[in-house]
Amino acid sequence: MEKNAAYFMKKALAQAVAAEKRGEVPVGAVLVREGRVIGRGGNAPIASCDPSAHAEIVALRRAGKKTESYRLNGAEMYVTLEPCLMCYGAMVQARIARLHYGADDPKNGIFSSGVFDNVKHVFNHRIAVEAGLLSGPASALLSGFFQARRGAGAVERDGLENRYGG
């Protein structure tokens, strides 16, 4: 099997499915360098009680440990949902070369929300970006997740963390 961008995004989608099975918002990320996965992660803020445990951050932390470096020069991030400002900032600090993401996030995404245009001057590293990679499956996963939660009333009762007594 050819290891192209779609191949790695499918790996990120698998991480999103695993996150959903754990009761987290289904977002997954895979970090790749030289054609090999060096870090992967799914959303985990609820279970870990860590607001920074977004899929991208989890993948960056694992890649850092695996490579024994906080700089991940030349690496490419594949994530199912457009990153927020925090996650993009972490990718800049890690010196990620390229970002591929699936679904847009007009409310919280750094690009779709317009935030990037206001803060791009503060970043000392530029990341090449490809938006919309396998956006259909990524969007469907998220839509299905939130539709089910709305049907159960979880979203209206102060969000997902109510399941954990938060």
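Position 1 is the first residue of the sequence; numbering continues from there.
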(message) Would you say that Asp117 contacts Phe111 through its side chain, given a criterion of any heavy-atom pair below 4.5 Å between the two side chains?
(response) no

(request) Determine the minimum heavy-atom distance between Ser112 and Pro106, stating which atoms define it. (result) CB-CA, 3.6 Å

(request) Please confirm whether Arg126 makes a cation-pi placement over Phe123, using NZ or CZ under 6.0 Å from the six-membered ring centre and within 45° of the ring normal. (result) no

(message) Using side-chain heavy atoms (C-beta onward) and a distance below 4.5 Å, is Val32 in contact with Ile38?
(response) no

(message) Within the structure provided, determine whether Val17 and Pro26 are in side-chain contact (heavy-atom separation under 4.5 Å).
(response) no

(message) On a heavy-atom basis, which atom in Ala19 and which in Val25 lie closest, and how many Å separate them?
(response) CB-O, 4.0 Å

(request) May I ask you to test the Leu141-Thr80 pair for a side-chain heavy-atom distance under 4.5 Å? (result) no

(request) State, with a plain yes or no, whether a side-chain heavy atom of Lys107 is found less than 4.5 Å away from one of Ser113. (result) no

(request) Please tell me if the side chains of Val115 and Asn108 come closer than 4.5 Å, counting only heavy atoms from C-beta onward. (result) no

(request) Determine whether Arg95 and Asn124 make a side-chain contact, defined as any pair of heavy atoms from C-beta on separated by less than 4.5 Å. (result) yes

(message) Please give me the minimum heavy-atom distance between Val92 and His125, naming the atom from each residue.
(response) CG1-CB, 3.8 Å

(request) Measure across Glu82 and Asp105 and return the closest heavy-atom pair with its distance rounded to 0.1 Å. (result) OE1-N, 2.8 Å

(request) Identify the residue among Val79, Leu134, Val30 that makes a side-chain contact (heavy atoms from CB on, under 4.5 Å) with Met9. (result) Leu134

(message) Does any part of the side chain of Val129, heavy atoms only, come nearer than 4.5 Å to the side chain of Tyr101, both counted from C-beta?
(response) yes

(message) Given His100, which partner from the list Tyr78, Phe8, Tyr7 fulfils the ring-ring contact (aromatic ring centres under 6.0 Å, His included) test?
(response) Tyr78

(request) Examine Ile96 and Val27 and state if one hydrophobic cluster contains both, with Ile, Leu, Val, Met, Phe, Trp and Tyr joined whenever side-chain heavy atoms are less than 4.5 Å apart. (result) yes

(message) Counting only heavy atoms not in Arg36 (residues, nucleotides, ligands), do more than 12 fall under 6.0 Å from its CZ?
(response) no

(request) For Arg62 and Thr67, test the side chains for any donor-to-acceptor distance below 3.5 angstrom and give the result as yes or no. (result) no

